[in-house]
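Bear in mind the structure is a predicted one, so any value in this text is a computation, not a measurement.
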Amino acid sequence: MLRFLRPHRGHRLVWIDAICINQSDNLERARQVAKMGSIYRNSRRTVVYLGADIVHFTQHTHPLRRSVKEAATLGGEQNVLVGPGGKVNLKALLHRRYFSRIWVIQELLLSRQVSVPVGDMDISVDPFSIKALDNRDERLSGLARPWDDMPAPWFQYVSQGGYLSHGILEWTLLTSSSHASDPRDELFSLLGLVPNNTLEPDYGLSRLHAQIGVAAHSLFCLGSFESFYIAATQQMDRPKEFPSWVPYRSRAKRAVTMPWTSEEPRGFYEALQHHFNKSDSGHQPIFQPEIDDPTNLNDTLWTIGATVDTDTAALSLTATHLATFTSTPAHVPLPVSTGWEAYVVRSNDCEMYLLSTQDSLLQTVVKPLDHLYWLHGDHEKGATSGFLILRPVTNGGGKRFRLIGCCSEILFATIYKSVRIGVTGHRPIVLTSCKLRRGLKPAVDGAVDKFSQLEDMFPGIQTKQGQLEVFLALMGVSSWPSEPFKFFSEYLRHIDPRYEGVINKEGREFWIGRHDVEILTITIPSADLSKFVVTHGTERKLRFPFRRSQQIHGGLDNEDPPPWDEMVVRQTDTQGEGKLLRFQAELNIPDLLLIKIFNGGDLDTDHHFGAHWDIKRILSSKAQSVWRGFQQVEKAHWATQGMSLLEMVRLVQSGQDTSSIACPDWPADLVNAFQIQENTSLITIV
């Protein structure tokens with residue numbers, strides 16, 4: 001090589017690492033390694049001398065100077081160096097042992113000019129000729145990433161080192177087929193390629209500690225998700241001592257590639273629309289997690305307070321529990337190949353869509369009962385936002401997990417079986433900007449406040465536990481309003497054992513056939529009439545929470561009965577000395593059909609009632625308000641680890657701090673289908 005570089009006359013200054021660095025002195029070696037990026041970046045030219053078997057001309061002849069565009073081709077057999085027309089087969093050339101050495105990557109990428117003598121040619125390589133080489137080769141024109149099959153895919157970035165934005169962990173993927181005599185150099189040799197790098201080589205560290213340090217630096221200092229994306233694809237073949245969140249650089253026969261995490265995923269929403277159009281189900285608006293209060297983002301930003309344990313290398317950070325996997329994800333094909341893949345998880349009549357990299361293989365690695373956590377980010381503060389798939393670790397206690405996967409986008413959808421009548425097609429995707437998180441205390445306070453409206457219906461009734469306690473206790477016994485008569489009759493009986501509610505069924509003919517209707521008959525002592533009736537002048541109105549009702553005794557038979565909470569008492573019935581009053585409410589067939597839809601039953605009819613059932617036909621306006629309020633609180637079931645409504649109310653009213661407990665503000669079917677908690681807490685990844 002020195003003879004080849006010797007000029008015909010004058011002198012030439014060269015720098016050769018094997019000679020200019022004392023390789024046996026770790027301190028000098030570390031200092032010089034830190035300078036190598038600057039040395040090659042400021043060199044006039046870097047020469048790649050591959051040996052006398054490759055270089056044929058002598059010092060007395062002048063080589064033919066050619067650009068790589070003119071002299072080389074990307075195609076051809078691996079063992080044929082020079083093909084037809086004297087073209088150099090770049091693929092065969094890059095199989096030379098020289099290009100497998102990891103230190104040459106920094107040298108060639110940072111140099112302003114690179115020349116490779118081959119045969120009687122001196123081939124110059126620069127970014128423009130490399131790009132032109134890609135576009136010229138017709139056999140590669142259909143490939144999105146033609147360099148992926150090259151033995152040294154990093155060669156496509158020759159002389160571009162000062163303009164690249166890849167992180168060091170991304171570089172470890174692209175250079176995974178390269179090697180070094182010291183395993184630590186597989187990291188240290190790449191530091192010069194990282195923009196604004198602040199890391200310095202330290203040969204006093206082990207390979208494991210160096211890798212942990214680089215991963216932690218990428219997370220905490222750069223706010224990058226590259227560590228999570230890469231480590232999640234290596235769970236099957238990593239050494240046991242490596243934590244699940246730390247990428248492991250294995251020496252591969254060929255480079256591992258993945259889409260750069262800085263690239264925006266393309267085609268995700270188009271793929272979902274195509275997927276929806278092919279299905280036989282209708283889809284409601286799509287729900288996407290959003291930050292609830294961007295002004296208080298520092299409270300939940302995952303980089304704030306994140307630490308790595310110096311003894312165990314366990315990673316602790318703030319994350320929000322989003323969902324629990326109920327099944328293994330299924331693959332959803334994307335319309336174009338971009339390096340990203342879409343997946344769907346189904347639970348009941350709900351779907352969760354995930355976007356991850358092709359190498360993630362979520363359909364293989366994710367299992368039921370794995371958890372999905374949301375890491376809140378802020379690009380302005382240098383923190384990427386994303387989602388981690390974690391598996392609980394049984395030993396060690398606390399919220400300890402292993403990393404299983406990483407996702408960049410998460411969407412939720414509710415589906416329903418649609419009945420098409422001469423019309424085909426589906427509505428376009430609608431992203432619903434619905435805030436996911438709501439505090440437990442505001443939700444409980446709001447619901448309790450609404451209950452006072454229902455309580456006002458019976459101002460004269462006093463119970464030992466209080467009406468609210470009875471109401472909440474019964475909500476766990478019978479479902480309200482899906483079983484409104486059963487619930488209300490039990491409610492009255494708990495208020496006072498003398499109040500009797502009897503439910504009967506009666507068969508009747510309707511336009512869709514014969515069906516049973518439910519009839520609730522309530523009997524109360526006449527002395528307690530004032531507890532259920534309010535007097536306005538000469539009118540007395542019943543205070544009951546059901547609309548469709550009629551009196552057995554009193555009223556005109558040819559008049560449609562008014563709603564119970566508006567009914568005028570014209571006549572009462574007295575029986576014996578007890579002076580008992582009886583009133584009757586009826587759930588008609590439309591009400592029963594709506595309740596049946598609410599309970600998930602199938603309608604044996606050609607008519608489709610839609611996904612939004614209407615409780616206005618069943619409950620009074622005040623009862624509706626109370627029900628909706630406690631329905632919101634009920635969605636904190638998963639966040640409170642299975643607390644009943646009564647326990648939630650007692651917890652809030654006890655004055656304890658419940659700020660860490662969330663009450664998800666999404667539809668109840670989504671919350672229950674994926675056990676959405678939305679609690680933000682400190683978790684540990686081991």
Side-chain angles (χ1 to χ4, degrees), residues 169 215 218-219 224-238 242-248 258-259 261 265 268 287-289 300 302 306 314-332 339-347 350-377 383-394 398-413 436 638 664 670-671 673-686:
L169 293 176
S218 174
L219 289 173
S224 172
F225 259 38
E226 60 180 352
S227 177
F228 293 138
Y229 273 109
I230 298 171
T233 66
Q234 303 172 330
Q235 299 305 312
M236 303 299 294
D237 56 356
R238 65 175 42 246
F242 270 70
S244 63
W245 62 275
V246 176
Y248 168 67
M258 66 177 293
T261 55
F268 184 41
F287 290 87
Q288 188 174 38
T300 57
W302 67 268
L315 170 66
S316 297
L317 46 77
T318 300
T320 298
H321 185 279
L322 188 59
T324 301
F325 284 85
T326 54
S327 61
T328 300
H331 179 251
V332 177
W340 297 90
E341 293 288 358
Y343 302 87
V344 61
V345 179
R346 296 180 174 89
S347 179
C350 301
E351 295 175 332
M352 174 172 63
Y353 291 88
L354 310 96
L355 182 68
S356 188
T357 60
Q358 285 181 338
D359 293 330
S360 64
L361 301 177
L362 297 187
Q363 73 274 28
T364 302
V365 299
V366 177
K367 297 179 180 180
L369 301 183
D370 286 343
H371 296 267
L372 182 67
Y373 273 86
W374 180 15
L375 270 59
H376 299 280
T384 303
S385 179
F387 306 87
L388 301 183
I389 302 173
L390 304 175
R391 183 166 297 158
V393 175
T394 55
K399 295 183 178 180
R400 296 168 60 84
F401 303 90
R402 286 188 61 83
L403 177 67
I404 300 299
C406 185
C407 305
S408 63
E409 295 276 0
I410 301 291
L411 299 176
F412 292 86
L436 174 59
W638 302 106
L670 280 179
V671 172
F674 296 106
Q675 301 179 20
I676 294 176
Q677 296 181 15
E678 236 284 296
N679 288 345
T680 299
S681 60
L682 192 68
I683 64 171
T684 300
I685 305 175
V686 298

Under 3.5 Å donor-acceptor, T320 side chain and T680 backbone: no
Among residues at least two apart in sequence or on other chains, which ones pass side chain to side chain contact (heavy atoms under 4.5 Å, CB included) with A232? L403
How long is the straight-line distance from CG of L411 back to CE of M352, given to the nearest 0.5 Å? 11.0 Å
Going from CG on L372 to CZ on F674, what distance comes out if it is rounded to the nearest 0.5 angstrom? 10.0 Å
Taking all heavy atoms of K399 and all of S681, pick out the closest pair and write down the distance. NZ-OG, 3.0 Å
Heavy-atom check, side chain of S385 versus side chain of F225, under 4.5 Å: no
State, to 0.1 Å, how close P247 and A215 come at their nearest heavy-atom pair, and which atoms those are. CD-CB, 3.9 Å
Looking only at heavy atoms, what is the nearest atom pair of L670 and I676, with distance? O-CD1, 3.7 Å
Could you check if a side-chain atom of E341 sits within less than 4.5 angstrom of a side-chain atom of S360, using non-hydrogen atoms only? no
Could you walk me through whether V345 and T326 pass the side chain to side chain contact (heavy atoms under 4.5 Å, CB included) check? CA-CA 8 Å; V345 179; T326 54; 4.0 Å; yes
pair L169-Y229: side-chain heavy atoms closer than 4.5 Å: no
Does the side chain of F412 reach to within under 4.5 Å of the side chain of C350, using non-hydrogen atoms? no
Roughly how far, to the nearest 0.5 Å, is the CD1 atom of I410 from the CG atom of L354? 3.5 Å
Would you indicate whether the side-chain heavy atoms of I685 and S244 approach each other to under 4.5 Å? yes
Side-chain heavy-atom pair T328, P368 within 4.5 angstrom cut-off: yes
List the residues meeting salt bridge (charged side-chain N to carboxylate O under 4.0 Å, His left out) with R346, not counting sequence neighbours, and say none if there are none. E351
What distance separates Q675 CD from L369 CG, expressed to the nearest 0.5 Å? 7.5 Å
Residues in side chain to side chain contact (heavy atoms under 4.5 Å, CB included) contact with T684, at least two apart in sequence or another chain: A314, S316, R400, V686
With Y373, which of F401, F325, F387, W302 fulfils ring-ring contact (aromatic ring centres under 6.0 Å, His included)? F401
Rounded to the nearest 0.5 Å, the CD atom of Q234 sits from the OH atom of Y248 at a distance of 9.0 Å
Apply side chain to side chain contact (heavy atoms under 4.5 Å, CB included) to the pair C406 and L388, showing each step before the final yes or no. CA-CA 5 Å; C406 185; L388 301 183; 4.0 Å; yes
Is there side-chain contact between W374 and E678, with at least one heavy-atom pair below 4.5 Å? yes
Show the nearest heavy-atom pair for residues P664 and Q677, with the distance to one decimal. CG-O, 3.5 Å
Answer whether the closest heavy-atom distance between the side chains of L317 and L219 falls below 4.5 Å. no
To the nearest 0.5 Å, atom CG of D370 lies from atom CG of L390 at 8.5 Å
